[in-house]
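Chain naming here is simple, since letters A, B, ... match the order of the sequence lines and numbering starts at 1 in each. Since the model is a prediction, treat every value here as computed from it, not as a measurement.
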Amino acid sequence: MNKFYITTPIFYVNDKPHIGHAFTLVLADVTARYHRSLGEETFLLTGTDEHGAKIARAAERQGEEPQQFTDRVSATFSELAKILNVSNNEFIRTTDQEIHWPGVFKIWEAIKASGDIYESEYEGLYCVGHEAFMKKSDLQDGVCPDHQTKPEKIKEKNYFFKLSKYKKRIKEAYVSGAIMVKPASRANEVLAMLEDSEDVSFSRPRKDLEWGIAVPGDDAQTIYVWADALTNYLSAMGYGRNEDWQKWWPADTHVIGKDILRFHGIIWPAMLLSAGLELPKSLLVHGFITVENQKMSKTIGNVIDPVELVKKYGVDPVRYYLLREIPSTEDGDFSYKKLEDRYNGDLANNLGNLVSRVAKLIETKLEGELNFDGKFFDKEVRQKIEEAEQKYRRAVEEFRLHEALTHIWDLFGFANAHIDSHKPWEADQEGSHLLRTITSIVAIIVSGSRWLEPFLPETVEKISNTFGNNLRAYDVLRLAGQKFIVTKIEPLFPRLK
RNA sequence: CGCGGGGUGGAGAAGUGGUCUAUCUCGGCGGGCUCAUAACCCGCAGAUCGCACGUUCGAAUCGUGCCCCCGCAACCA
């Protein structure tokens with residue numbers, strides 16, 4: 001059996017999750033569920049990134065210890081995954097000393113053994129008010145705009161990672177397709193970034209970065225984010241603790257946002273090469289969500305809480321919106337109006353109503369029982385289904401999930417039109433005509449359900465219940481002899497006023 | 001010359017060399033149906049595909065220039 005290992009980024013716990021985190025989770029979840037539906041042994045990993053000076057400061061503001069703070073915020077992320085019906089197999093936390101830290105130590109040692117860690121001086125402009133280094137571009141007339149003070153030039157010892165040594169091999173990995181990037185335009189971006197990437201700082205003095213993992217053999221230094229956070233993809237699978245990771249590594253897919261492409265596209269592969277590990281097979285890069293076409297920001301006060309959304313509309317409507325309205329690899333926009341339009345238009349009117357009308361027809365015209373007989377299965381309909389399935393699969397495999405949904409909905413639209421033109425409710429027509437129409441429509445619903453399961457698992461469950469069968473399991477070509485005991489239920493998606 | 005994305009009927013999007021006399025959804029108008037969640041189906045109106053020049057037998061689609069919007073550049077997916 002093929003294995004399929006897919007990850008989300010680990011989320012930074014400086015604040016509770018917003019709709020962007022929900023988007024990432026759902027994209028990865030659909031991909032994972034799709035691969036499970038193909039019969040692959042699939043592992044979906046998500047988790048939280050919990051170290052750093054920023055976390056320590058956030059905890060302090062709340063009057064909490066860092067660990068207490070990260071425990072609390074991390075829980076809101078694992079809760080979010082649960083609420084969104086995300087099928088993650090594990091939830092990794094970088095503060096987990098038993099699960100995660102051994103992997104961090106191991107990769108550090110491996111990189112060091114390759115001779116790729118060296119000491120150097122880091123020189124920067126340090127703002128006392130920020131307790132952090134500032135970039136020149138952040139300053140106005142050489143002065144920190146927030147504190148109106150001139151930052152000091154400070155030199156400090158850091159360990160550096162010899163990233164530059166691997167640039168050539170990384171480039172080859174992209175050119176040869178050993179690492180596939182979707183969409184392709186992002187691969188070009190990585191190559192461009194690669195050109196001017198340099199060695200990166202791999203540690204910080206303890207005094208600047210207390211909340212983190214100490215460098216092995218040098219307590220005065222803390223491991224910087226790269227070796228700490230990126231390593232989660234290995235540590236979660238056992239790296240540093242046991243040999244289980246060899247079964248799963250290399251990762252088949254890292255789902256990431258466009259902001260962290262540089263880390264996953266360059267730094268991470270360099271680390272892996274240095275440690276003598278295989279490179280991930282693909283990166284799926286998604287865009288960002290704006291709210292009413294504005295950047296989401298606390299200052300504007302337009303941050304959308306996905307938990308509230310699910311409470312108000314239900315899981316699947318929220319999943320549907322994120323997957324259908326936001327192009328998987330582009331930026332997209334959120335608004336309540338659009339969400340409600342999608343809900344009423346696509347979910348209630350198109351799909352929900354289709355299921356209702358068919359269920360009722362079977363109840364009243366066929367006494368609630370449909371014996372699926374292949375000879376009543378309309379050829380034209382069969383062809384439509386096959387075409388739709390091809391388009392659907394291609395779209396999912398190209399990580400164009402929004403497009404995959406349009407193909408499913410095209411088929412539902414076709415089904416609604418087919419019912420209208422064949423008028424199965426007319427009492428005076430022959431039984432075979434009625435059977436032919438209904439059989440064909442049920443075939444569409446069965447196929448659509450099967451394809452929809454990775455996207456809207458709860459809805460498919462409900463449709464299955466209506467049809468008295470586990471529709472997910474059926475290939476439409478193997479329906480002959482199946483019996484459907486149909487009971488009309490409450491509307492799948494009650495219309496919103 | 002920092003990097004990237006984008007500008008397509010009233011709104012939102014798809015389409016990235018010929019199949020585009022440009023597609024879909026919402027909205028508007030008209031009609032049909034009654035199995036269904038006032039749902040469903042059909043039809044109509046509405047777009048010089050940001051602007052200019054160019055390449056080509058042929059451009060929304062490629063090139064150049066310009067205008068405008070948005071993001072990244074700061075450990076926010």
Side-chain angles (χ1 to χ4, degrees), chain A residues 8-15 17-28 49 51-55 130 132-135 137-138 183 185-186 188-189 192-193 196 224-226 228-229 255-263 285-290 293-298 303 306 322 324-327 329-333 335 337-338 340-342 344-365 400 402-403 406 409-410 412-413 415-427 434 437-438 441 488 490-496:
Chain A
T8 73
I10 47 174
F11 307 113
Y12 203 57
V13 292
N14 59 339
D15 205 350
H18 56 62
I19 195 170
H21 299 103
F23 181 50
T24 307
L25 280 167
V26 168
L27 289 174
D49 175 12
H51 288 130
K54 214 171 181 174
I55 298 292
H130 275 98
F133 285 96
M134 305 285 289
K135 284 214 152 192
S137 52
D138 293 333
S185 58
R186 295 289 176 197
N188 299 334
E189 208 178 328
M193 288 190 293
D196 46 31
Y224 195 49
V225 61
W226 317 126
D228 180 331
V255 175
I256 59 172
K258 64 180 184 182
D259 56 325
I260 51 177
L261 178 60
R262 178 187 200 85
F263 317 149
V285 188
H286 69 248
F288 280 2
I289 298 177
T290 53
N293 292 313
Q294 272 189 308
K295 186 183 171 176
M296 224 189 323
S297 100
K298 267 194 261 181
V303 177
L322 293 172
R324 173 63 187 86
E325 182 72 23
I326 319 281
T329 58
E330 309 288 328
D331 290 353
D333 187 54
S335 78
K337 163 111 175 50
K338 286 183 198 161
E340 295 189 0
D341 282 352
R342 285 287 176 196
N344 277 336
D346 295 355
L347 297 177
N349 297 348
N350 200 313
L351 171 58
N353 184 55
L354 174 66
V355 170
S356 286
R357 65 196 300 209
V358 172
K360 190 59 187 278
L361 278 169
I362 296 176
E363 258 191 3
T364 55
K365 302 287 179 186
R400 299 159 65 87
H402 59 295
E403 202 185 296
T406 68
W409 254 261
D410 281 350
F412 292 152
N416 273 320
H418 190 80
I419 295 178
D420 271 63
S421 59
H422 288 72
K423 307 184 195 307
W425 54 84
E426 283 182 357
L434 174 72
T437 306
I438 293 191
I441 301 300
K488 186 174 181 303
E490 291 300 298
L492 291 177
F493 302 99
R495 275 177 65 82
L496 302 168

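- When rounded to the nearest whole Å, the span between CG of A:Asn416 and C1' of B:G32 equals 15 Å.
- The salt bridge (Lys or Arg N to Asp or Glu O under 4.0 Å) search around A:Asp420 returns A:Arg357, not counting sequence neighbours.
- Proximity of a side-chain donor or acceptor of A:Lys258 to a complementary backbone N or O of A:Phe288 within less than 3.5 Å is not detected.
- As rounded to whole Å, 20 Å separates atom P of B:A36 from atom CG of A:Asn344.
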Check residues 17-26 of chain A and write down every donor-acceptor pair under 3.5 Å in which the side-chain atom is one partner and the other belongs to a residue at least two apart or another chain.
residue, atom, partner, partner atom, Å
A:His18, ND1, A:Gly20, N, 2.9
A:His21, ND1, A:His18, N, 2.9
A:Thr24, OG1, A:Gly20, O, 3.2
A:Thr24, OG1, A:His286, NE2, 3.4

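- Within 4.0 Å of A:Arg400, counting heavy atoms only, lie sugar-phosphate atoms of the nucleic acid but no base atom.
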Anything under 3.5 Å between a protein N or O and an N or O of nucleotides 75-77 of chain B, put it in a table, one pair a line.
residue, atom, partner, partner atom, Å
B:C75, N4, A:Tyr224, OH, 3.3
B:C76, O2', A:His18, NE2, 3.1
B:C76, N4, A:Lys295, NZ, 2.9
B:A77, OP1, A:Tyr12, N, 3.3
B:A77, O2', A:Thr24, OG1, 2.9
B:A77, O2', A:Gly257, N, 3.4
B:A77, O2', A:His286, NE2, 2.5
B:A77, N1, A:Ile289, N, 2.9

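- Across the C1' atoms, B:G31 and B:G54 are found 49 Å apart, a figure rounded to whole Å.
- A:Arg495 has a side-chain polar atom (N or O) that falls below the 4.0 Å cut-off from OP1 or OP2 of B:A39.
- Comparing the C1' positions of B:U25 and B:A14 gives a spacing of 10 Å, expressed to the nearest Å.
- Within the nucleic acid shown, A:Leu492 comes within 4.0 Å of at least one base atom, counting heavy atoms only.
- Between B:G28 and B:U19, the two P atoms lie 33 Å apart (nearest whole Å).
- Straight-line distance between the P atoms of B:G63 and B:U21: roughly 22 Å, to the nearest whole Å.
- Rounding to whole angstrom units, CG of residue A:Leu354 and P of B:C40 are separated by 11 Å.
- By the side-chain hydrogen bond (donor to acceptor under 3.5 Å, both in side chains) test, A:Arg262 pairs with no residue at all, sequence neighbours left out.
- Annotation: B:C20 and B:U16 have their P atoms spaced 13 Å apart (nearest Å).
- A:Lys423 has its NZ atom 12 Å from the C1' atom of B:C35, to the nearest Å.
- Across the protein-nucleic acid pair, A:Arg357 atom CZ and B:A36 atom C1' stand 6 Å apart, rounded to whole Å.
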Output a table of nitrogen or oxygen pairs between the protein and nucleotides 6-13 of chain B separated by less than 3.5 Å.
none

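- Considering only residues two or more places apart in sequence or on other chains, A:Thr329 meets the side-chain hydrogen bond (donor to acceptor under 3.5 Å, both in side chains) condition with none of them.
- Applying the side-chain hydrogen bond (donor to acceptor under 3.5 Å, both in side chains) criterion to A:Asn14, with sequence neighbours excluded, gives no partner residue.
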Using Watson-Crick or G-U wobble pairs with both distances under 3.5 Å, give me RNA chain B in dot-bracket, 5' to 3', with [ ] for crossers and | for pairs to another strand. .(((((((.[[[[.)..(....]]]].(((((.......))))).....[[[[[..)....]]]]])))))).....
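- Residue contacts shown for A:Ala417 are limited to sugar-phosphate atoms, with no base heavy atom under 4.0 Å away.
- One can place NZ of A:Lys360 at 7 Å from P of B:U37, the figure rounded to the nearest angstrom.
- Distances shown here put a side-chain N or O of A:Asn349 below 4.0 Å from the OP1 or OP2 atom of B:C40.
- In this structure A:Asp341 satisfies the salt bridge (Lys or Arg N to Asp or Glu O under 4.0 Å) test together with A:Lys337, sequence neighbours excluded.
- Judged purely by atom type and a 3.5 angstrom limit, A:Asn344 has no side-chain atom pairing as donor or acceptor with the backbone of A:Arg495.
- Computed from coordinates, the A:His418 NE2 to B:C33 C1' distance equals 16 Å when rounded to whole Å.
- With both ends at atom C1', the span from B:C49 to B:G9 equals 10 Å, rounded to whole Å.
- The side chain to side chain contact (heavy atoms under 4.5 Å, CB included) test applied to A:Glu363 returns A:Lys360, A:Thr487, A:Lys488, not counting sequence neighbours.
- Straight-line distance between the C1' atoms of B:C75 and B:G18: roughly 49 Å, to the nearest whole Å.
- If you take atom P in B:C53 and the same atom in B:A60, they sit 14 Å apart, rounded to whole Å.
- Formation of a donor-acceptor pair under 3.5 Å by the A:Asn350 side chain with backbone atoms of A:Gly345 is not found in this model.
- Looking at which nucleotide of RNA chain B each of A:Ser356 and A:Asp341 is closest to, the 5′-most match is held by A:Asp341.
- For A:His402, the side chain to side chain contact (heavy atoms under 4.5 Å, CB included) test picks out A:Pro327, A:Ser328, A:Arg400, with sequence neighbours left out.
- Tested against A:Val285, the residues A:Leu261, A:Val255, A:Ile260, A:Asp259 include a single side-chain contact (heavy atoms from CB on, under 4.5 Å) partner, A:Leu261.
- Residues that satisfy the salt bridge (Lys or Arg N to Asp or Glu O under 4.0 Å) test with A:Arg342, not counting sequence neighbours, are A:Glu325, A:Asp346.
- Per the geometry, CG belonging to A:Leu351 stands 13 Å off C1' belonging to B:A36, to the nearest Å.
- Sequence order on RNA chain B of the closest nucleotides to A:Gly352 and A:Ser421 puts A:Gly352 first from the 5' end.
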